[in-house]
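First comes the structure, then the notes that go with it.
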Amino acid sequence: MPNTTVLRLYRRSLKLSLDWAVHRYLWRGQALYIRSLFEANRHVSEPRQRKMLIEQTEELLSKWKHPDPYRPPTAPGGSKYERNLPAPILDPPPHMVL
């Protein structure tokens with residue numbers, strides 16, 4: 001079973017490359033390249049070597065971090081976040097008989 005840390009690094013690297021890619025067809029080539037890099041080190045079982053590879057990958061991800069990452073428009077921080085919210089309920093409270 002693959003290491004959870006490696007899976008998270010792989011996912012983060014794909015998302016980071018998607019931040020830099022302008023078009024999906026360009027990103028697809030980058031995604032295949034990233035996959036090949038992870039597959040090349042798949043059978044590393046020595047803990048020290050594995051830790052070193054993980055640290056190097058973390059450094060690369062922090063080095064290539066995008067200054068303005070993509071956010072879906074309706075997500076928090078997106079351009080349409082909380083736009084067109086439903087109107088608040090303005091009905092008067094029901095009449096109370098005491």
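Heavy atoms only: backbone and side chains are in, while hydrogens, waters and symmetry mates are out.
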Open item on the list: To the closest 0.5 Å, what do you measure between CG (Leu53) and OG1 (Thr5)?
Closed with: 13.0 Å

TODO: Kindly compute the distance separating CG (Asn3) from CG (Leu9), expressed to the nearest 0.5 Å.
DONE: 9.0 Å

Task: Connected via hydrophobic side-chain network under 4.5 Å: Val44 and Val6 - done: no

- [ ] Could you please spell out the steps behind the salt bridge (Lys or Arg N to Asp or Glu O under 4.0 Å) verdict for Lys63 and Glu59?
- [x] CA-CA 6 Å; Lys63 176 183 173 186; Glu59 288 175 18; over 6 Å; no

TODO: State whether Glu46 and Arg50 are salt-bridged, where the test is any N-O pair (Lys NZ or Arg NE/NH1/NH2 against Asp/Glu carboxylate O) under 4.0 Å.
DONE: no

Open item on the list: Does this structure show an ion pair linking Arg8 with Glu58, if we count only N-O contacts that are shorter than 4.0 Å?
Closed with: no

Open item on the list: What verdict does the side-chain contact (heavy atoms from CB on, under 4.5 Å) test give for Arg71 and Tyr81, after you've listed the backbone C-alpha separation in whole Å, the side-chain angles of each residue and the deciding distance to 0.1 Å?
Closed with: CA-CA 10 Å; Arg71 287 187 183 92; Tyr81 182 63; over 6 Å; no

Open item on the list: Quick check on the hydrophobic clustering: are Leu60 and Leu37 connected, directly or via other members, by side-chain heavy-atom contacts under 4.5 Å?
Closed with: no

Task: Sidechain-backbone polar pair: Arg42 side chain, Phe38 backbone, donor-acceptor under 3.5 Å - done: no

Atom pairs and distances, side-chain donor-acceptor, residues 14-27, under 3.5 Å, sequence neighbours left out:
{"unit_1": "Ser17", "atom_1": "OG", "unit_2": "Ser13", "atom_2": "O", "d": "3.4"}
{"unit_1": "Ser17", "atom_1": "OG", "unit_2": "Leu14", "atom_2": "O", "d": "2.8"}
{"unit_1": "Ser17", "atom_1": "OG", "unit_2": "Trp27", "atom_2": "NE1", "d": "2.8"}
{"unit_1": "Asp19", "atom_1": "OD1", "unit_2": "Tyr70", "atom_2": "N", "d": "3.1"}
{"unit_1": "Trp20", "atom_1": "NE1", "unit_2": "Trp64", "atom_2": "O", "d": "2.7"}
{"unit_1": "Trp27", "atom_1": "NE1", "unit_2": "Leu14", "atom_2": "O", "d": "3.2"}

